[in-house]
Amino acid sequence: PSPSDSERFELRRNFGLGEGESLVLVMTGGGGQDVPWPRYLAASQLWGAPRGKRAGEDSPSADGPLRVVIVAGKNASIADGLSRALKLGSDGLLRGTNPLVTVQVARDPGAEPDQAYFVGPQYLASLMDIASVAITKPGGSTTAELAYRGLP
């Protein structure tokens with residue numbers, strides 16, 4: 001079952017999400033496919049841009065801070081590649097050219113030391129519960145769990 005609003009608030013706080021910060025969960029499968037979306041989002045020129053020209057009105061951007069969390073599975077090279085492509089901030093989060101977007105690779109505190117980026121089911125469920133949206137490959141079980149949790 002989905003957590004209550006107070007439980008979700010506590011999960012978000014424990015994960016270090018700021019007020020109004022959205023989380024995009026990028027799931028790459030158990031083998032950890034290297035996908036371009038985290039780098040694209042970190043360099044996005046549209047996230048946070050004034051909406052006037054996009055929406056046909058003169059209004060400021062409604063986009064707030066965005067955290068992109070990648071579940072890398074067994075592929076540690078995803079983390080290495082992101083570390084090379086993006087800059088590490090003082091808060092431990094990776095950044096591209098968009099100041100509103102931060103990137104991190106999920107690390108389950110309960111994971112075995114030799115599987116630093118493998119995320120167990122309980123931690124993954126918590127990530128799904130605090131995410132605004134998920135980007136994933138079309139695996140049947142992942143799609144079913146996302147639907148069960150009500151995550152677009």
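Predicted model, so just to flag it, every value in this text is computed and none were measured. Sequence positions, counted from 1, serve as the residue numbers for this chain. Computation of the quantities below employed the complete heavy-atom set of this structure, encompassing side-chain atoms and omitting hydrogens, waters and symmetry-equivalent molecules.
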*Asks:* Tell me whether the count of non-hydrogen atoms from other residues, nucleotides or ligands lying under 6.0 Å of CG in N14 goes above 12.
*Replies:* yes
*Asks:* Who pairs with L11 by side chain to side chain contact (heavy atoms under 4.5 Å, CB included), at least two apart in sequence or on another chain?
*Replies:* P3, S126, D129, I130
*Asks:* So which heavy atom on L82 is nearest to which on P38, and how close?
*Replies:* CD2-CB, 4.1 Å
*Asks:* Testing the basics here: between A131 and L151, what is the closest heavy-atom pair and its distance to 0.1 Å?
*Replies:* O-CD1, 3.3 Å
*Asks:* Please find the pair of heavy atoms, one from P152 and one from G150, that lie closest to each other, and give the distance.
*Replies:* CD-O, 3.5 Å
*Asks:* Tell me which pairs pass salt bridge (Lys or Arg N to Asp or Glu O under 4.0 Å) where either residue lies in residues 31-40, with sequence neighbours left out.
*Replies:* D34-R39
*Asks:* Check whether I135 and L86 end up in the same hydrophobic cluster, where Ile, Leu, Val, Met, Phe, Trp and Tyr are linked by side-chain heavy atoms less than 4.5 Å apart.
*Replies:* yes
*Asks:* Which atom names give the shortest non-hydrogen contact between L146 and A134, and what distance separates them?
*Replies:* CD2-CB, 3.8 Å
*Asks:* Nearest heavy-atom pair of S44 and N98: which atoms, and what distance?
*Replies:* O-ND2, 2.8 Å
*Asks:* Same cluster for V26 and V101 if Ile/Leu/Val/Met/Phe/Trp/Tyr side chains link at under 4.5 Å?
*Replies:* yes
*Asks:* For residues 96-116, which residue pairs qualify under salt bridge (Lys or Arg N to Asp or Glu O under 4.0 Å), counting only residues two or more places apart or in two chains?
*Replies:* none
*Asks:* Using every non-hydrogen atom in the two residues, find where G16 and R67 come nearest and quote the distance to one decimal.
*Replies:* O-NH2, 2.9 Å
*Asks:* Go through the structure and list residues passing side chain to side chain contact (heavy atoms under 4.5 Å, CB included) with A76, not counting sequence neighbours.
*Replies:* Y117
*Asks:* What residues form a side-chain hydrogen bond (donor to acceptor under 3.5 Å, both in side chains) with T97, not counting sequence neighbours?
*Replies:* none
*Asks:* Can you tell me how far OH of Y40 sits from CG of L46, rounded to the nearest 0.5 angstrom?
*Replies:* 14.0 Å
*Asks:* Same hydrophobic cluster for Y148 and L25, using side-chain heavy-atom links shorter than 4.5 Å among ILVMFWY?
*Replies:* no
*Asks:* Spell out, yes or no, whether V68 and L124 are grouped together once hydrophobic residues are joined by side-chain heavy atoms under 4.5 Å, including indirect joins.
*Replies:* no
*Asks:* Is the closest side-chain heavy-atom distance between T28 and N75 below 4.5 Å?
*Replies:* no
*Asks:* Can you sort out the partners of E145 under salt bridge (charged side-chain N to carboxylate O under 4.0 Å, His left out), two or more places apart, ordered by chain and number?
*Replies:* none
*Asks:* Is the shortest side-chain heavy-atom distance between F15 and L127 below 4.5 Å?
*Replies:* yes
*Asks:* Quick one: which residue pairs count as a side chain to side chain donor-acceptor pair (under 3.5 Å) with a foot in residues 85-94, not counting sequence neighbours?
*Replies:* D91-R95
*Asks:* Would you mind listing the cluster partners of F9? Hydrophobic ones only (ILVMFWY), side-chain contacts under 4.5 Å, chaining allowed.
*Replies:* none
*Asks:* Not counting sequence neighbours, list each pair that qualifies as a salt bridge (Lys or Arg N to Asp or Glu O under 4.0 Å) and has a residue in residues 7-18.
*Replies:* E10-R13
*Asks:* Taking the side chain as everything from C-beta on, heavy atoms only, tell me whether V69 gets closer than 4.5 Å to L23.
*Replies:* yes
*Asks:* Are L88 and I70 connected in the hydrophobic side-chain network, where two residues link if heavy atoms are under 4.5 Å apart?
*Replies:* yes
*Asks:* Applying the side-chain contact (heavy atoms from CB on, under 4.5 Å) test to L66, which of T102, V24, L100 qualifies?
*Replies:* V24
*Asks:* May I ask you to decide if W47's main-chain N or O and D63's side chain share a donor-acceptor pair within less than 3.5 Å?
*Replies:* no
